[in-house]
Amino acid sequence: MEFTNREMKLLNEISEWQERLYQYEPTDLAALYDKWLEQGFALLPENIQQQFFDKLDTWLFHLHAMVQSSQVQIDARERILASARVFNEEIETLSDLKHLSIDQLNYIANQHIAKHRLYSFAQGGMSGSGGLLLLGSDIPAMTVINVRIVQLIAMSYGVEVNTPFEMMLALKVFNAGAMPKRLQGIAWEELIREVQTAEDDYFYLGIEELTNPTWMEQPLKQLLKALSITVFRKKLVRGIPFISMAIGAGSNYQMTRSVSEFAQKFYQYRYLLEKKADEE
């Protein structure tokens with residue numbers, strides 16, 4: 001059985017999107033920023049750098065496990081299955097979702113994507129309007145929102161995210177989606193290669209490193225956003241800090257848009273790869 005017309009169309013759309021990643025040209029300012037960031041971390045001793053990124057990787061892994069095992073995520077898993085049963089009442093497990101059409105899977109995933117983009121927008125607005133406590137909680141809150149949407153997208157395409165392999169893969173997808181566009185092409189290639197060459201689909205046998213100096217651009221952008229919010233918070237329009245709220249909401253929305261778009265393209269492509277492999 002070959003791909004349907006809709007699946008071929010989606011495959012072409014992903015190929016075009018992938019080509020845009022490869023052809024993305026960084027600006028001179030971005031190149032200068034990369035150089036500055038690399039030089040800044042180079043000033044730290046190697047053992048300090050290693051300890052910092054090891055602890056950051058560990059924190060992300062534990063956060064992923066915490067989100068995945070939370071009652072909110074368990075309830076969301078059941079809602080995904082309930083949505084799938086609207087199309088096929090025999091659906092029992094997430095792996096059964098792979099029997100649905102790609103349009104049906106897209107519909108389920110898009111529901112969660114739309115909600116979490118709205119959550120990010122609202123979170124950014126609150127961080128832009130509130131005090132230091134709300135502003136300080138913005139980066140952890142945004143990390144949770146974006147880790148969660150990657151997990152939900154994976155589940156929407158029939159992937160269980162509670163095995164070591166899938167947990168690490170989902171974290172790498174989150175990491176890649178949070179990267180600057182100029183680096184996402186390389187990250188995409190590495191992820192596809194991992195899926196195609198994986199010897200074990202339960203235990204993760206690849207490189208476990210997640211973060212590095214280039215990944216730090218997104219947290220630094222969040223800190224820059226916090227600084228901008230602090231500067232504009234006192235500029236009120238009818239008693240409301242609209243400018244700082246707009247900065248927070250817009251920045252957070254764009255981050256979740258980038259992460260969710262990358263994650264959806266990845267799990268769509270993986271679904272098509274696995275379908276092709278099953279047919280062969």
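None of these values were measured; they are calculated from a predicted model.
- Between A76 and L152, the shortest heavy-atom distance links the atoms CB-CD2, 3.5 Å.
- Aromatic rings from Y22 and W188 are positioned such that their centres are separated by 6.0 Å or more.
- In terms of modelled atom types and a separation under 3.5 Å, the side chain of S258 and the main chain of G177 share a donor-acceptor contact.
- By the neighbour-count criterion of 12 heavy atoms within 6.0 Å, atom NZ of K181 is densely surrounded, having more than that number from other residues, nucleotides or ligands.
- Open room surrounds CG on N5; 12 or fewer heavy atoms of other groups in view lie less than 6.0 Å from it.
- Of the possible polar contacts, one joining the E7 side chain to the T4 backbone as a donor-acceptor pair under 3.5 Å is found.
- Atom NZ of K98 sits in a crowded spot, with more than 12 heavy atoms from other residues, nucleotides or ligands closer than 6.0 Å.
- Ring-plane geometry between H112 and H116 is classed as tilted, the angle between the planes lying from 30 to 60 degrees on a 0 to 90 degree scale.
- Note on L118: it does not cluster hydrophobically with I149, by side-chain heavy-atom contacts below 4.5 Å among ILVMFWY residues.
- Contact of the H64 side chain with the F174 side chain is not registered, since no non-hydrogen atoms from C-beta on lie closer than 4.5 Å.
- For the pair L10/Y269, no side-chain contact is recorded, criterion being any heavy-atom separation below 4.5 Å from C-beta on.
- The backbone N or O of E92 sits less than 3.5 Å from a side-chain atom of D96, completing a donor-acceptor pair.
- Of the N and O atoms on the side chains of Q71 and D75, at least one donor lies less than 3.5 Å from an acceptor on the other residue.
- Formation of a donor-acceptor pair under 3.5 Å by the Q123 side chain with backbone atoms of M142 is not found in this model.
- Contact between V161 and A154 at its shortest, heavy atoms only, is CG1-CB, 3.6 Å.
- Not a single donor-acceptor pair under 3.5 Å links the side chain of S120 to the backbone N or O of R117.
- With salt bridges taken as basic N to acidic carboxylate O contacts below 4.0 Å, none links K172 and E190.
- With a 4.5 Å cut-off between side-chain heavy atoms of Ile, Leu, Val, Met, Phe, Trp and Tyr, the cluster of F121 takes in Y253.
- Within the 4.5 Å cutoff, no side-chain heavy atoms of N252 are placed close to those of Y119.
- Looking at L100 and Y107, their side chains never come closer than 4.5 Å, going by heavy atoms from C-beta outward.
- Contact check for S156 versus L105: no side-chain heavy atoms found under the 4.5 Å cut-off.
- Atom CD1 of residue I102 and atom CZ of residue R6 lie 8.0 Å apart, to the nearest 0.5 angstrom.
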For residues 82-89, which side-chain donor-acceptor pairs fall under 3.5 Å, sequence neighbours excluded?
from	atom 1	to	atom 2	distance (Å)
S83	OG	R79	O	3.0
R85	NE	I91	O	2.9
N88	OD1	E90	N	2.9

Report the C-alpha distance between T143 and W59 in whole Å, list the side-chain angles of each, state the deciding distance to 0.1 Å, and finish with yes or no for side chain to side chain contact (heavy atoms under 4.5 Å, CB included). CA-CA 11 Å; T143 305; W59 179 76; 3.8 Å; yes

Run the numbers on M167 and N162 for side chain to side chain contact (heavy atoms under 4.5 Å, CB included), then give the verdict. CA-CA 6 Å; M167 287 178 71; N162 55 2; 5.6 Å; no

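- Here F262 contributes atom CZ and K265 contributes atom NZ; the two are 11.0 Å apart, rounded to the nearest 0.5 Å.
- The minimum heavy-atom distance linking P140 with S137 is given by the pair CD-O, 3.3 Å.
- With contacts defined as side-chain heavy-atom distances shorter than 4.5 Å, the pair L169/R270 qualifies.
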Step-by-step side chain to side chain contact (heavy atoms under 4.5 Å, CB included) determination, R77 to E160: CA-CA 10 Å; R77 182 183 186 278; E160 288 279 11; 2.5 Å; yes

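- Rounding to the nearest 0.5 angstrom, the gap separating the NZ atom in K115 from the CG atom in N110 is 12.5 Å.
- With contacts defined as side-chain heavy-atom distances shorter than 4.5 Å, the pair L97/L81 qualifies.
- Expressed to the nearest 0.5 Å, how far CD of Q68 lies from CD of Q151 amounts to 6.0 Å.
- In terms of heavy atoms, I229 sits closest to G248 at CD1-CA, 3.9 Å.
- Residue I186 is not grouped with residue M179 when hydrophobic side chains (ILVMFWY) are merged at heavy-atom distances under 4.5 angstrom, including chains of intermediate members.
- Under the 4.5 Å side-chain criterion, counting only non-hydrogen atoms from C-beta, E189 is not in contact with Q18.
- Put simply, CD1 on I247 and CZ on F242 are 14.0 Å apart, with the number rounded to the nearest 0.5 Å.
- Panel note: side chain E274, backbone Y271; no donor-acceptor pair is recorded below 3.5 Å.
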Under the side chain to side chain contact (heavy atoms under 4.5 Å, CB included) criterion, do K225 and D138 qualify, and how do the steps go? CA-CA 10 Å; K225 176 195 70 178; D138 188 59; 2.2 Å; yes

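- Between N106 and Y157, the side chains place a donor N or O and an acceptor N or O closer than 3.5 Å (distance only, hydrogens not considered).
- With values rounded to the nearest 0.5 angstrom, M168 atom CE is found 10.5 Å from F165 atom CZ.
- Nearest approach of G128 to P241, heavy atoms of both residues: O-CG, 4.0 Å.
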